[in-house]
Number of protein chains: 2
Amino acid sequence: MSTDTGASAEAEARAAGAAGTSGAAGTSGAAGAEDEAGAGSGAARLQQLFEGHRLTPTQRRIAHCMVRRAADAPFLSSVELAELAGVSQPSVTRFAVALGFDGYPALRRHLREVAPAERGAGEDSYNEYQQAVQSEIDNLRHLASLLADPAPVVRAGRLLAESRPLPVLGLRAASAQAGGFAYFARKVHPDVRLLDEGGTMLADRVDAAVRAGATALLCFALPRHPREVVEGLEYARSVGLTVVTVADSAFAPVARHSDLLLPAAVGTGLAFDTACAPMLLGRVLLEAMCDALPDAQARLEEFDAKAAARGLFAE
Amino acid sequence: MSTDTGASAEAEARAAGAAGTSGAAGTSGAAGAEDEAGAGSGAARLQQLFEGHRLTPTQRRIAHCMVRRAADAPFLSSVELAELAGVSQPSVTRFAVALGFDGYPALRRHLREVAPAERGAGEDSYNEYQQAVQSEIDNLRHLASLLADPAPVVRAGRLLAESRPLPVLGLRAASAQAGGFAYFARKVHPDVRLLDEGGTMLADRVDAAVRAGATALLCFALPRHPREVVEGLEYARSVGLTVVTVADSAFAPVARHSDLLLPAAVGTGLAFDTACAPMLLGRVLLEAMCDALPDAQARLEEFDAKAAARGLFAE
DNA sequence: ACGACTGTGCATGACTATATGCAGCCGCGG
DNA sequence: CCGCGGCTGCATATAGTCATGCACAGTCGT
């Protein structure tokens, strides 16, 4: 270890030196590649922090390691950082002190406070409406990250495409979502049945769909979750339907009665909930369903032709 | 429980087993696509972790908090996570245990081992669905910038609030938007009339609304713009209604027949249009309308009280 | 209305992470 | 050759974090 220490410290010194000289160019370049969760700009900040301090080889090694793992650095313990940098834990503490902090926790706190400042720069300058939009953007971001794995959506699309007829359930606030889905779904699926009314008729309609051959049911479940929806799903499953649910959260009351639950958060910044993410997820589901329906494209083209012939649309 | 290295493998095995068998409620189905680089970003993995476990309200709060701050979560201490989630520190420990881990450090360790795939995986390799979401995020950003000046929205809100009754027009693809708006609007406005069917009845209904005292009409106009909508608006203005329109563009065919046009772009990344921004703008409009209705708050509270009395909503 | 139960926060002991004293290693100058 | 000063890791005292027993509040089913 000790023999290795000297040699590799030397190597690190050279590496750090190179990074230092190219610091200017590297900084501006990173500022451009903003999206990497504060990593780029955070690294730039780090470089600035280190500049002007005469650091020992071990400390340069720590600094270099922090730059490399800029995203994690604000959350690492001194022991972890030491291991990643291949130095002892006390060296990390001394490094923090050398930079002018009261200790390692102070350095870490500083990093945490500086990095996020760039992420949500001045959210308080937005007005009420803009904040609501902003929070919906966050919801969509979250949805995008969930869609990194499209398998659940693809599976849901197949389930829905195979069901003839396809019942689509949405009550109260969610009925608009269900309606929107059903409107488009009808253009590619031969038999979509919109279930947007509760009461005793709901079970009747579920029964009718099953008798007609339905195998799956799509449910839009948004807060505040009507009891009827929970009961409706319970019934639907009891008669053999596979339930695919788009809900505002994986913990919604409908979760227990769903075979496949796709979560999409609602926005609560305004007097009434905004359901951008659920709607978008509905369309994504629709897309997946189209992919599972061989004649979807043909049906769409047929509709376009007829619409044009009838002069249905302006423009 | 103190030893976190040896026991964690066991804990993970149990957690994975639980998630797999639960099958009931799962975004999972990723069993096969598991190897895919960065499969299921951190947030998605988190969701999978939580599913299949019956969580208490406090634990759900913790779970939500972790999902929201998925990037930081793997590095937060139990105290910090507790503060962010607004719960006590022991609750965090119990949460970890409830998920099948041997303690909070085991949970955090698990998160760290799973998460890094996401960071490295290039963010530019969005799949088809994610790209659609991304373009809707852009649309919302644009909407946010438009809302920097809330004057048009406020004016529209006043116009709509003053109209008794308030006709809301939306045909075909837009009928879901109109329906969603009408559903919520009815909770604060005494007489909302949904005009979601075209044909000759449309003019009849506009006439009826005017006779009943309507002074304004709200129209949702999305592509592809049905001729009927254009004609309907033309007629509405001819009988004296002030037309407020939410449209996908300032140059939509309905623009000529609108007194106040609020633009909100639609997403075209999928087979069918996504109307996040128009929907959100509708809710913003609703908010503005509430602000212009003095007794809106009272009506909402009254509804809440009645809903609670009737046990209308679950949870 | 009452008891049983679940869920929650507070208080505290066990434990991990951080800071500091100490000794060995290296390079340099006498 | 020796002594010296700076740098580093080891050992340990201290501070902060985690886990658990306990009491209280809310909910449900008698």
Side-chain angles (χ1 to χ4, degrees), chain A residues 1-13 16 53-66 72-112 251 253, chain B residues 1-8 11 53-66 72-112 308 311 313-315:
Chain A
M1 184 66 168
S2 55
T3 60
D4 163 82
T5 314
S8 97
E10 193 96 15
E12 285 299 335
H53 292 95
R54 208 174 59 84
L55 298 177
T56 70
T58 300
Q59 290 171 342
R60 273 193 294 262
R61 212 166 156 180
I62 298 170
H64 188 234
C65 177
M66 287 179 76
D72 298 351
F75 302 97
L76 296 172
S77 73
S78 68
V79 177
E80 292 164 331
L81 182 54
E83 279 176 7
L84 285 170
V87 303
S88 72
Q89 174 269 322
S91 292
V92 173
T93 291
R94 290 178 187 126
F95 171 74
V97 174
L99 257 51
F101 295 95
D102 278 351
Y104 177 72
L107 166 60
R108 187 171 51 186
R109 206 177 317 125
H110 175 81
L111 292 177
R112 288 195 201 183
F251 313 108
Chain B
M1 190 156 305
S2 46
T3 60
D4 128 78
T5 44
S8 83
H53 295 277
R54 210 173 59 84
L55 297 177
T56 68
T58 300
Q59 291 171 341
R60 262 173 289 199
R61 268 174 88 176
I62 298 170
H64 273 131
C65 180
M66 288 180 74
D72 300 351
F75 301 98
L76 296 173
S77 72
S78 69
V79 177
E80 292 165 329
L81 180 55
E83 281 176 5
L84 285 171
V87 304
S88 70
Q89 173 269 322
S91 292
V92 173
T93 290
R94 291 179 187 126
F95 171 73
V97 173
L99 257 50
F101 295 94
D102 278 356
Y104 178 72
L107 165 59
R108 186 173 51 185
R109 183 190 169 83
H110 174 82
L111 292 178
R112 289 195 200 184
F313 298 115
E315 111 190 289

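Here the structure is a predicted model, which means the values were calculated and not measured. In what follows, every chain begins at residue 1, and chains take the letters A, B, ... in the order their sequences are listed.
Not one side-chain nitrogen or oxygen of B/S91 sits closer than 4.0 Å to the OP1 or OP2 atom of C/dG7. The side chain of A/R108 contributes an N or O atom lying less than 4.0 Å from OP1 or OP2 of C/dT18.
Distance, A/I62 CD1 to D/dT8 P: 8 Å, rounded to whole Å. At whole-Å resolution of the value, CZ in B/F95 and C1' in D/dT20 are 19 Å apart. If you measure from atom CZ of B/R60 to atom P of C/dG7, you get 10 Å, rounded to the nearest angstrom. Taking atom CD of residue B/Q59 and atom P of nucleotide C/dT6, one finds them 14 Å apart after rounding to whole Å.
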Give every pair of a protein N or O atom and an N or O atom of nucleotides 13-16 of chain D that lie under 3.5 Å apart, one pair per line with the distance.
none

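The side chain of A/T58 approaches D/dC7 more closely than any other nucleotide in the set D/dC18, C/dG9, D/dC7. Distance from the side chain of A/Y104 is smallest to C/dT18 among D/dG9, C/dT8, C/dT18.
To the nearest 0.5 angstrom, A/D102 atom CG is 8.5 Å from A/R109 atom CZ. Note that CG of A/L81 and CD of A/E83 are 10.0 Å apart. Values are rounded to the nearest 0.5 Å.
A side-chain donor-acceptor contact under 3.5 Å links A/R61 to the backbone of A/A85.
The two residues B/M66 and B/L107 have their closest heavy-atom pair at CE-CD2, 4.3 Å.
B/E80 is linked by a side chain to side chain donor-acceptor pair (under 3.5 Å) to A/R112, B/S77, counting only residues two or more places apart in sequence or in another chain.
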Distance-only donor-acceptor pairs under 3.5 Å for side chains of residues 86-101 of chain B, two or more places apart:
{"unit_1": "B/S88", "atom_1": "OG", "unit_2": "B/S91", "atom_2": "OG", "d": "3.1"}
{"unit_1": "B/Q89", "atom_1": "NE2", "unit_2": "B/T93", "atom_2": "OG1", "d": "3.4"}

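Residue A/R94 places a side-chain atom within donor-acceptor reach of the base of C/dG21, judged by atom type and a 3.5 Å distance cut-off alone.
Within residues 76-90 of chain B, the residues having any heavy atom closer than 4.0 Å to DNA chain C are, in order of number, B/V87, B/S88, B/P90.
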### Query
Passes side chain to side chain contact (heavy atoms under 4.5 Å, CB included), B/Y104 versus B/V79? Steps please.
CA-CA 11 Å; B/Y104 178 72; B/V79 177; over 6 Å; no
